[in-house]
Amino acid sequence: QVQLVESGGGLVQPGGSLRLSCAASESILSINVMGWYRRAPGKQRELVAGSTSGGSTNYADSVKGRFTISRDNANDTVYLQMNSLKPEDTGVYYCNARGISWTGRPYNYWGQGTQVTVSS
């Protein structure tokens with residue numbers, strides 16, 4: 001069982017920045033895909049950014065150029081740097097770890113989420 005703990009959320013004005021952190025209880029090098037999802041009020045959860053163990057990344061069109069996902073392998077932490085925040089970025093952000101273990105079992109773990117509110 002991989003434990004994921006998010007932090008860094010809060011209230012920020014439009015145009016501001018936040019950096020979310022996701023601390024994993026296991027080496028992120030052994031996790032196939034780390035990702036950030038968000039659930040805005042009244043909307044379904046959507047993928048914001050993803051990062052594979054091989055170093056590739058992908059982003060939702062709505063955040064390209066503004067958000068950056070990165071890994072600190074030494075500290076088993078994944079970050080989401082969010083710049084030029086907009087009110088529509090408001091929501092609960094979740095860290096996700098998924099893949100297939102060495103035993104062949106798929107896994108899909110979620111953090112508890114951290115609230116991001118962009119408002120003046």
Side-chain angles (χ1 to χ4, degrees):
Q1 179 79 19
V2 178
Q3 304 294 322
L4 303 174
V5 180
E6 303 101 330
S7 62
L11 175 64
V12 65
Q13 294 184 353
S17 298
L18 286 173
R19 188 176 74 161
L20 305 183
S21 299
C22 174
S25 62
E26 304 291 337
S27 172
I28 59 175
L29 291 175
S30 65
I31 299 174
N32 298 142
V33 183
M34 298 293 301
W36 287 96
Y37 291 73
R38 70 184 178 192
R39 178 174 286 153
K43 299 178 64 177
Q44 294 184 338
R45 183 155 52 189
E46 64 175 346
L47 175 67
V48 176
S51 175
T52 71
S53 59
S56 64
T57 59
N58 68 288
Y59 300 90
D61 288 340
S62 61
V63 307
K64 287 181 179 178
R66 300 188 297 119
F67 290 12
T68 303
I69 187 171
S70 61
R71 295 174 176 235
D72 182 350
N73 293 327
N75 293 298
D76 297 323
T77 302
V78 177
Y79 300 98
L80 183 67
Q81 178 66 46
M82 305 185 294
N83 299 324
S84 302
L85 284 162
K86 305 174 181 179
E88 51 263 43
D89 294 320
T90 293
V92 180
Y93 285 69
Y94 299 89
C95 183
N96 174 255
R98 66 177 64 196
I100 301 176
S101 72
W102 68 273
T103 63
R105 288 191 173 190
Y107 57 86
N108 185 16
Y109 301 114
W110 294 92
Q112 64 182 1
T114 184
Q115 176 70 43
V116 172
T117 302
V118 185
S119 176
S120 59

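With contacts defined as side-chain heavy-atom distances shorter than 4.5 Å, the pair Val63/Met82 does not qualify. Contact of the Tyr59 side chain with the Ile69 side chain is registered, since non-hydrogen atoms from C-beta on lie closer than 4.5 Å. Proximity of Thr90 to Gln115: side-chain heavy atoms (C-beta onward) are separated by under 4.5 Å at one or more points. For the pair Gln81/Ser17, a side-chain contact is recorded, criterion being any heavy-atom separation below 4.5 Å from C-beta on.
The two atoms that bring Ser120 and Pro14 nearest to each other are N-CD, 3.7 Å, heavy atoms only. Arg66 and Ser84 get closest at one heavy-atom pair: NH1-O, 3.0 Å. Minimum heavy-atom separation, Trp36 to Leu20: CH2-CB, 3.6 Å. Contact between Ala24 and Val2 at its shortest, heavy atoms only, is CB-CG1, 4.5 Å. Thr77 and Ile28 make their closest contact through O-CD1, 3.9 Å (heavy atoms, listed as atom of the first residue, atom of the second, distance). Across all non-hydrogen atoms, the minimal contact from Ser25 to Gln1 is OG-O, 3.9 Å.
For the residue pair Asn32 / Ser53, no side-chain donor-acceptor distance below 3.5 Å is found, with atom types taken as modelled. Ser101 and Thr103 share a donor-acceptor pair across their side chains, judged by distance under 3.5 Å alone.
Side chain of Gln112 to backbone of Glu6: no donor-acceptor contact under 3.5 angstrom is found.
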Acceptor/donor pairs from residues 39-51 side chains to any protein atom, 3.5 angstrom cut, sequence neighbours excluded:
{"residue": "Glu46", "atom": "OE2", "partner": "Arg38", "partner atom": "NE", "Å": "2.8"}
{"residue": "Glu46", "atom": "OE2", "partner": "Arg38", "partner atom": "NH2", "Å": "3.3"}
{"residue": "Ser51", "atom": "OG", "partner": "Arg71", "partner atom": "NE", "Å": "2.9"}

- request: Evaluate side chain to side chain contact (heavy atoms under 4.5 Å, CB included) for Tyr107 paired with Ile31, printing each intermediate quantity in order.
  value: CA-CA 9 Å; Tyr107 57 86; Ile31 299 174; 3.8 Å; yes

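A salt bridge does not link Asp89 with Lys86: none of the charged nitrogens is closer than 4.0 Å to a carboxylate oxygen.
From Asn75, atom CG reaches atom OG of Ser27 across 11.0 Å, with rounding to the nearest 0.5 Å. Atoms CG and OG1, on Asn83 and Thr68 in that order, are 6.5 Å from each other to the nearest 0.5 Å.
Note on Leu80 and Tyr109: same hydrophobic cluster, where clusters join Ile, Leu, Val, Met, Phe, Trp and Tyr whose side-chain heavy atoms are under 4.5 Å apart, directly or indirectly. Linking Ile, Leu, Val, Met, Phe, Trp and Tyr residues whenever their side-chain heavy atoms come within less than 4.5 Å leaves Leu4 and Tyr94 in two separate clusters.
Below 30°, between 30° and 60°, or above 60°: for Tyr37 and Trp110 the angle between ring planes is above 60°, a perpendicular geometry.
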